Amino acid sequence: MDLLKLRGQLDEIDEKIVALYEERMAISSLVADYKIETGKKVFDKVREEEKLKKVRSLTHDPFNAHGVQELFEQIMSMSRKLQYRKLVEAGTLGRLPFIVVDRLETEGARVVFQGAEGAYSQMAMFRYFGEQVKSFHVETFRDAMTAIEEGSADFAVLPIENSTAGIVSEIYDLLVEFENYIVGEQIIEIEHCLMGLPGTALSQIKTVYSHPQSLMQSARYLNEHEDWKQVSLKNNAFAARKVSEEGDKTQAAIASEQAARIYGLDILARGVNQSETNSTRFIIVTNQKIFRKDAGKISICLEVPHESGSLYHMLSHFIYNNLSMTKIESRPIEDRNWEYRFFIDFEGNFADGAVKNALRGLRDEARNMRILGNY
């Protein structure tokens with residue numbers, strides 16, 4: 001058979017498909033008008049499942065049945081997105097439950113961080129709020145989240161991600177558990193120092209204390225000293241304080257240069273973390289549903305149905321609305337084996353129509369979608 005002739009026939013069919021698609025979308029637009037008038041929800045899962053079952057039955061072999069289902073899933077997805085867009089344009093979505101502010105009220109604010117004096121979280125706090133900020137520190141990340149939820153602090157500074165060691169998974173879990181919101185972020189460069197009591201020699205060290213991620217980031221250096229025992233603590237500054245208070249020259253800590261100054265320790269080696277571009281991203285969290293007018297990043301979390309292609313369909317809302325997704329992470333859902341919650345960062349502002357469109361679609365189609373903040 002002549003290939004050019006076959007391609008010509010395909011072109012004719014494709015033109016018909018395009019015409020039918022546009023006809024279908026025009027009717028979808030009328031459906032959107034009806035739903036705007038009546039307040040009916042866009043996403044009707046039962047109706048779509050019935051539709052998919054019907055179109056599958058019209059095919060003549062299993063391969064085509066699968067293909068037609070995938071095709072119609074996409075067609076109905078585009079129909080929903082058109083309807084969401086029309087709802088936004090008609091102003092029927094209402095406002096998101098967040099209040100826009102010109103700037104954060106930081107004057108006189110009380111800020112909490114996890115750790116002790118000299119912690120990297122304290123450095124991030126000083127960088128964001130200034131060194132005159134009223135602050136206090138707590139033992140755990142949970143204590144920090146509780147402090148802002150209960151109102152004893154206005155803001156908390158929490159590490160969420162390191163450029164080499166990855167995410168701080170506990171922070172992600174706490175963002176789901178607590179009704180607190182991200183309103184800012186601060187990135188600081190990390191230089192880990194090995195420190196000990198004044199006069200300590202490397203040959204005397206037997207035990208090194210630090211946060212688990214700091215030990216991980218310094219693995220290459222520590223592997224050169226296989227006889228050193230590595231002990232994890234909740235914070236780098238705790239490690240420096242422990243070495244200072246216990247007065248044992250066989251102990252050393254990995255922490256910041258600032259921690260060495262505060263606790264009177266000698267720096268035995270600088271830059272023991274293997275990456276020269278090691279940075280940690282800290283988030284600024286509060287219990288108020290607010291966002292700055294110039295905010296440009298949004299964080300959300302959601303669960304998806306445990307079905308083939310469900311995550312793809314969620315992510316398609318970003319593609320359709322031309323929103324740039326900058327990060328996606330997953331965390332296991334407690335008491336539900338092999339099911340995961342996804343954390344997504346993307347560019348945008350709550351005032352943007354495209355953002356409202358995407359969030360409306362995600363809220364309708366995902367499970368337990370939560371907005372974590374716009375900052």
Side-chain angles (χ1 to χ4, degrees), residues 95-162 167-168 170-190 211 234-238 241 255-259 261-262 279-301 343 345 348-351 370-375:
R95 300 166 113 191
L96 291 167
F98 286 80
I99 299 171
V100 61
V101 296
D102 291 326
R103 60 183 181 83
L104 300 180
E105 292 292 336
T106 59
E107 187 174 345
R110 298 157 299 168
V111 183
V112 61
F113 65 93
Q114 183 268 343
E117 298 291 325
Y120 285 112
S121 293
Q122 185 186 44
M123 295 170 61
M125 177 187 70
F126 286 157
R127 189 81 60 85
Y128 193 88
F129 292 96
E131 296 199 10
Q132 303 307 313
V133 64
K134 297 177 182 178
S135 67
F136 63 96
H137 50 85
V138 292
E139 289 283 316
T140 68
F141 295 137
R142 177 176 291 277
D143 291 339
M145 292 292 265
T146 300
I148 52 174
E149 184 180 61
E150 294 178 348
S152 57
D154 300 301
F155 300 97
V157 179
L158 301 167
I160 194 168
E161 176 186 16
N162 179 267
I167 66 169
V168 184
E170 184 182 352
I171 300 299
Y172 281 89
D173 296 339
L174 290 172
L175 285 169
V176 174
E177 181 179 344
F178 285 81
E179 290 288 335
N180 296 326
Y181 305 93
I182 306 170
V183 291
E185 66 178 355
Q186 180 66 56
I187 298 173
I188 63 169
E189 293 182 359
I190 304 294
H211 186 273
K234 291 179 180 178
N235 188 274
N236 294 335
F238 289 162
R241 186 176 66 187
S256 68
E257 181 179 358
Q258 180 182 352
R261 284 199 306 269
I262 290 171
S279 298
T280 295
R281 182 166 69 100
F282 292 82
I283 52 174
I284 315 302
V285 182
T286 186
N287 63 3
Q288 301 176 66
K289 283 189 172 183
I290 59 175
F291 70 101
R292 282 176 37 163
K293 185 183 294 184
D294 61 352
K297 180 191 288 186
I298 297 169
S299 293
I300 64 172
C301 68
F343 293 83
D345 291 350
N349 184 283
F350 287 157
R370 272 194 58 194
I371 298 171
L372 302 177
N374 189 190
Y375 50 99

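From a predicted model like this one, the values you see are computed outputs, not experimental measurements.
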Check your understanding: Counting only heavy atoms not in Glu177, do more than 12 fall under 6.0 Å of its CD?
Key -> yes

Check your understanding: CZ of Arg241 to CD1 of Ile262: how many Å apart, nearest 0.5 Å?
Key -> 11.0 Å

Check your understanding: So, does Ser135 use its side chain to make a donor-acceptor pair with the main chain of Val111 at under 3.5 Å?
Key -> no

Point to revise | Arg110 (side chain) donor-acceptor with Gly151 (main chain) under 3.5 angstrom | key: yes

Exercise for review: Would you please classify the geometry between the Phe98 ring and the Phe291 ring as parallel, tilted or perpendicular, with 30° and 60° separating the classes?
Suggested key: perpendicular

Point to revise | Minimum-distance pair of heavy atoms, taken over all atoms of Thr286 and Asp154 | key: OG1-O, 2.9 Å

Review point. So do the side chains of Ile284 and Val157 get within less than 4.5 Å of each other, counting heavy atoms only?
Key: yes

Review point. Is the backbone of Pro159 close enough, under 3.5 Å, to the side chain of Ser121 for a donor and an acceptor to pair up by distance?
Key: no

**Study point:** Stepwise side-chain contact (heavy atoms from CB on, under 4.5 Å) check, Phe178 with Asn287
**Key:** CA-CA 9 Å; Phe178 285 81; Asn287 63 3; over 6 Å; no

Point to revise | Side-chain heavy atoms of Tyr181 within contact of Ile290, under 4.5 Å | key: no

Review point. Salt-bridged, Arg281 to Asp345, with N to O below 4.0 Å?
Key: yes

**Study point:** Heavy-atom closest contact (Asn180 atom, Met145 atom, distance)
**Key:** ND2-O, 3.2 Å

Study note, to complete from the structure: So CD1 of Ile99 and CD of Gln288: to nearest 0.5 Å the spacing works out to 8.0 Å

Check your understanding: In Å, rounded to the nearest 0.5 Å, how long is the span from OG of Ser299 to CG of Leu175?
Key -> 8.0 Å

Practice item. With rounding to the nearest 0.5 Å, note down the distance linking CZ in Arg142 to CD in Glu170. Key: 7.5 Å

Point to revise | Side chains of Ile190 and Ile188 in contact at under 4.5 Å (non-hydrogen atoms) | key: yes

Check your understanding: With a cut-off of under 6.0 Å to the ring centre and 45° to the axis, is Lys297 in cation-pi contact with Tyr375?
Key -> no

Point to revise | Close side-chain approach of Val168 to Leu158, heavy-atom, < 4.5 Å | key: no

**Study point:** Sidechain-backbone polar pair: Thr140 side chain, Asp143 backbone, donor-acceptor under 3.5 Å
**Key:** yes

Review point. Which value, rounded to the nearest 0.5 Å, describes the distance between Met125 atom CE and Glu131 atom CD?
Key: 9.0 Å

Practice item. Working to the nearest 0.5 Å, report the span between CD of Glu189 and OG1 of Thr280. Key: 10.5 Å

**Study point:** Residue pair Leu104 / Arg292: nearest heavy atoms and the distance that separates them
**Key:** CG-CD, 4.0 Å

Review point. Do Val183 and Val101 have side-chain heavy atoms sitting under 4.5 Å apart?
Key: no

**Study point:** Exercise: identify the closest heavy-atom pair between Ala144 and Val138
**Key:** N-CG2, 3.6 Å

Exercise for review: For the pair His137 (side chain) and Ala116 (backbone), establish whether a donor and an acceptor sit closer than 3.5 Å, ignoring hydrogens and angles.
Suggested key: no

Review point. Is Phe343 close to Ile167 at the side-chain level, that is, under 4.5 Å between some pair of heavy atoms?
Key: no

**Study point:** Closest non-hydrogen atom pair, Ala119 against Phe113
**Key:** CB-CE1, 4.4 Å

Check your understanding: Are Leu372 and Cys301 close enough that some pair of their side-chain heavy atoms sits under 4.5 Å apart?
Key -> yes

Point to revise | pair Glu139-Phe238: side-chain heavy atoms closer than 4.5 Å | key: yes

Exercise for review: Please name the pair of heavy atoms, one in Asn374 and one in Asn349, separated by the smallest distance, quoted to 0.1 Å.
Suggested key: OD1-CA, 3.4 Å

Review point. Tyr128 and Phe282: aromatic ring centres closer than 6.0 Å?
Key: no

